[in-house]
Amino acid sequence: MTRQAYVLNFLRWRPDGRSWSMLELPDPQLARLGIYVGYSTGGIYEELKRMSPEEGLESVRTDLHADDRLSRQIRRHAARTGITEADAFEQVAVRVYAQRMNS
């Protein structure tokens, strides 16, 4: 549950219908690596789906590098597994891109 969905439904007996689009689905495969990414259920990836695969992947890479929390988690994963940070970022970017395209 996202913060927005929690605040919208705080102390309510029944959930507000708008909260369904505010939920996020976790990525268990990345979570096992210590990288915590959630995918929105609100259909916010429509713009990504209209891009070419190269543009979409570059957009995801930019998003990953812009998020300090995720960047730290990816760097820690790279250090633990002994792979380069660039390879770790690329693996995560490909996974996140694929998941966003399927959601």
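Sequence neighbours left out, the pairs with a member in residues 94-103 that pass salt bridge (Lys or Arg N to Asp or Glu O under 4.0 Å) are D27-R95, D63-R100.
Residues R76 and R80 form a side-chain contact, since some pair of their non-hydrogen atoms from C-beta on lies under 4.5 Å apart. Side-chain atoms of Q29 and L33, non-hydrogen and from C-beta on, never get closer than 4.5 Å to each other.
Note that the CZ atom of R69 and the CD atom of Q73 stand 5.0 Å from one another [nearest 0.5 Å]. The structure places CG of D87 at 10.0 Å from NE2 of H77, a figure rounded to the nearest 0.5 Å. One finds the CZ atom of R72 at 13.0 Å from the CD1 atom of I35 (value rounded to the nearest 0.5 Å). Here E85 contributes atom CD and I74 contributes atom CD1; the two are 9.5 Å apart, rounded to the nearest 0.5 Å. Of the inter-residue distances, the one linking E55 atom CD with E47 atom CD reads 10.0 Å to the nearest 0.5 angstrom.
With sequence neighbours excluded, the residues satisfying side chain to side chain contact (heavy atoms under 4.5 Å, CB included) with A93 are L57, V60, R61, L64. Remark: Y97 pairs with no residue by the ring-ring contact (aromatic ring centres under 6.0 Å, His included) rule, at least two apart or across chains.
Following chains of ILVMFWY side-chain contacts shorter than 4.5 Å, one can reach L48 starting from V94, so the two form part of one hydrophobic cluster. Under the 4.5 Å side-chain heavy-atom criterion for ILVMFWY residues, a single connected hydrophobic cluster contains both Y45 and M51.
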